[in-house]
Every structure is written in structure tokens, then in C-alpha cells.
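If you're wondering where the values come from, they're calculated on a predicted model, not measured in any experiment. Whatever order the structure lists them in is the order used to number ligands and atoms, beginning at 1.
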Amino acid sequence: MTQTRLLLVDDENHFRSPLKKRLQKRGFMVFEAGDGNECQALMQQEAVDVVVLDVKMPGMSGIEVLAWIREQFQKTEVILLTGHACAADGVEGIKNGAFDYLTKPVEFDHLVQKINQALEKRQREEEKKQEADFKARMEQQMVATERLASLGTLSTGIAHEIDNPLAIIRECTEFMRLLLGKTEDAVFPRKKDFENAVGKIETAIERARRITHQLLGFVRQPETVFSETDLKALISETIEFVKKEAQNKKVEIVQDLDKAGGKIWSDAYAIRQVLINLITNALAAVTSGDIITVSVRETDLLAEIRVEDTGSGIPKENLEKIFEPFFTTKPPGKGTGLGLYVTAGIMERLGGKIDVTSRVGQGTVFTISLPRTRKACSLMGDNKDICLDILNTIKGDQPND
Ligand SMILES: Nc1ncnc2c1ncn2[C@@H]1O[C@H](COP(=O)(O)OP(=O)(O)OP(=O)(O)O)[C@@H](O)[C@H]1O
Ligand SMILES: [Mg+2]
């Protein structure tokens, strides 16, 4: 337990010093001040739990010092010491926020008892505050989760509605292109302007389609199809997809797959989509000379894939937002902000989880954990986090059991 820190403020040295010694013997850490100014100077430097404050002092009165303490140090409790005939001062003090008052001459044990009571009150208030903070945080989190869930449902619904008209616009634009290309129509007024306008429509359609497809691919995805999947082959194959882009950027993609064991029981299509999203993100965050490493670690029941890059990193304030739909730091028109939202949804479906750590200027690590065996998949219930922890420690299971 930490030592309680007391401050005795009294102008009478012959009263203060012996009291200090006796309080120290009871285990308190005791500071002293001879008047209000000394009290203020000391409290600016030292943290104090309880102030035992004489009311009648030259210079600032105890009541003035009390007002200052209340204003500056809300958590510090104050016990006032009043003259025998001045109980009214004590009552005035309590009105102004003192914990209690004692009349001089002070009975020592009574003072210690009051100090302990003041400390208990302080602790109760601290606990109440912690409880209130916790409740407020939980409420905030629940609101955020609900908002996210309804935002997700809403946006996939909208994507669905937009997809059909979008297909018609696309077909009509293709038809316009066709007409523009026909020789008999080669010369007509402002043909160039017309072509430019069609080009802009095509770019916009492309962007809108990327958004709807990310969302609908996620929602319309047929039932997750679990089968025996060769993780090593799947990763190598996926890296092939993005190799060209890496070469263009002069970025090396390292495959560290030695620790990958045999097969895992999962959905290859879904894992591929997750990996493409993660590697594409890494590619967007790196510059020439950087490295992206994809590695696998497997326990008997769990497979853990890490996608690690030496790129720009993610600022702390963005880390909690990156899984939200439509959060992107890419310039307008470049990113949908759906990649990680969809990825997190897929991981949920696969009974796994995704974690991220990042340092600005040093790089980012995304880690996905997946149940590796049929048994591990069936173990996953509502308490996924607990299951994942347990799975990490269970031994002796085989992929095909
Ligand atoms: N490896 C990474 N390094 C740095 N920032 C990252 C990394 N991965 C994700 N981010 C940050 O998270 C944001 C959200 O990523 P997400 O994949 O959801 O959308 P996006 O990449 O912006 O858009 P899209 O996936 O459609 O291209 C990114 O804009 C980026 O700021
Ligand atoms: Mg992305």
C-alpha cells in the first residue's frame, strides 16, 4: 500500500512539530507549512492526500486556503482545525468543501480517525468515478458497434440497389463508345468533348462498381465452403497476383513459409481475398526498397498468417478506425475504404480473427489467426477469443481429424 501523504498547515510551530512526529509514527508521510503561502508552494510541488488546516493564521486565513485547494486540487480532502470558541468557522468550512473540522486542542486519536475517514471517502469517490468512466466507455463502445453494424447493413443494401442501374449505365456507355468508334459517325460537332465526357462517365462507373462489388462480394458470398486447403500453395499463388505491382514499385515480397505445415481446413477463396486486401494495402504503404513479408506459423490447431511491411505505418488515432466501412486515407477516387471492413467480416465468418500493430515510419503487421482443423472450426462458438487462446495451447490434433 502506498503511504498516505499529509500536509499540516499551522502557524504555531510548537503545535505542528510534535504532531508531525506522532503522525509519522502512525505511518503517515507528513509535510509542514507555516502559513497559506507555504501551503500553496508545497502543494504545487508535492501530491497531498489530506490537508490538516488551521483556520486562524496570519496572512491568508484557513478558509481562503481551503477555497484555493478546492479550486486547484479537487481530490485532496481538507480537515479544518478551529479555535475552541470558533465552531462557526468549521461549519463555514464544511459548507465550502472541507471534509470536517476539529476544535483545538485536538485529541490525537480523534484526528487520526478523521484522517482515515477522509481517506475512505476519497477512495469511495475514486471507485465511483472509475465505475462511471467504465460505464461511459462501455456505452460509447456499444453505440459505436451498433452504429458500425447498421452502417454496414445500410451500405450493403444501398450497394445492392445501385448495382442494377449501374449495370444499365455501363451498357449504355459501352454503346456510346461503339457509336463513337463507327466511321460514318466519325465527324460530328464537338466529337472530342463528347468522347471526354464518356471517358469521365466510364471512370466514375468503374469506381462505383469497385465499391458495390467489394460490399456485395462480401454479402453475396455463397455459404463459406470449407475444404482441405494447402496454405503454402495458396499464399504463393496469391502473391503471384500482386507480384507485377510490387515489381513496378521496386518492392520485394518475401515468402517465409517454412513454418507452414500441411493442410488447413478452411475456405481458400475467402483466405485469398483477405490476403489480397492485406498485401494490396501494404503495397500502397511502401515505397521503393521496402519489403513486404508474408509468413506463416502453425500450432496444432491454429494457423497464423502475418503480412508485414516496412512502409509508412498507421498513426495511432487511425488504428481504431481502419476496420470501419469507408475509412480511407487514400486520395479521393483511389480507395473505397472497404478492404479491411470486408476482411474483418470474412475473418469473422471463418471463425478467426485479425489483429494489427503499427509504428509510424517503421511499418505495419497484420496478423490473421485461423482455426486449422475441422475440430478447431467446430469448437469456435460465441466465445471466439477464448477459443482461440485455448486452441493455441491444445496439442496433439491432426488436420483431418
Ligand atoms: N499496411 C498498411 N500500412 C499503412 N496503412 C494501412 C495499411 N493497411 C491499411 N492501412 C490504412 O487503412 C485504411 C483503410 O484500408 P482499407 O483497405 O479498408 O481501405 P483502402 O485501402 O483505403 O481502400 P481500398 O481497399 O478500396 O483500396 C487505408 O486507407 C490506410 O490508411
Ligand atoms: Mg485496401
Check residues 247-256 and write down every donor-acceptor pair under 3.5 Å in which the side-chain atom is one partner and the other belongs to a residue at least two apart or another chain.
from   : atom 1 : to     : atom 2 : distance (Å)
Lys249 : NZ     : Leu283 : O      : 2.6
Lys249 : NZ     : Val286 : O      : 3.0
Gln255 : OE1    : Ser236 : OG     : 2.9

Would you say Lys20 has more than 12 foreign heavy atoms packed within less than 6.0 Å of its NZ? yes
Could you list each nitrogen or oxygen of ligand 1 that sits under 3.5 Å from a protein nitrogen or oxygen, with the atom names and the distance?
from     : atom 1 : to     : atom 2 : distance (Å)
ligand 1 : 1 (N)  : Asp309 : OD2    : 2.9
ligand 1 : 17 (O) : Asn281 : OD1    : 3.0
ligand 1 : 17 (O) : Asn281 : ND2    : 2.8
ligand 1 : 17 (O) : Leu340 : N      : 3.4
ligand 1 : 18 (O) : Gly339 : N      : 3.4
ligand 1 : 18 (O) : Leu340 : N      : 2.8
ligand 1 : 21 (O) : Asn281 : OD1    : 2.9
ligand 1 : 21 (O) : Lys330 : NZ     : 2.6
ligand 1 : 22 (O) : Thr328 : OG1    : 2.5
ligand 1 : 23 (O) : Thr336 : N      : 3.3
ligand 1 : 23 (O) : Gly337 : N      : 3.1
ligand 1 : 26 (O) : Thr336 : N      : 2.7
ligand 1 : 26 (O) : Thr336 : OG1    : 2.5
ligand 1 : 27 (O) : Lys330 : NZ     : 3.1
ligand 1 : 29 (O) : Thr328 : OG1    : 3.3
ligand 1 : 29 (O) : Thr329 : N      : 2.9
ligand 1 : 29 (O) : Thr329 : OG1    : 3.3
ligand 1 : 31 (O) : Thr329 : OG1    : 2.4

Is Lys104 close enough and on-axis enough to Phe15, meaning under 6.0 Å and within 45°, for cation-pi? yes
N/O/S of Asn281 less than 2.8 Å from the Mg ion (ligand 2)? yes
About how many Å separate CZ of Arg170 and CD of Glu202, when rounded to the nearest 0.5 Å? 9.5 Å
Side-chain touch Val65/Met57, heavy atoms, less than 4.5 angstrom: yes
Please walk me through it: do Glu77 and Arg122 pass salt bridge (charged side-chain N to carboxylate O under 4.0 Å, His left out)? CA-CA 7 Å; Glu77 293 298 340; Arg122 210 175 99 112; over 6 Å; no
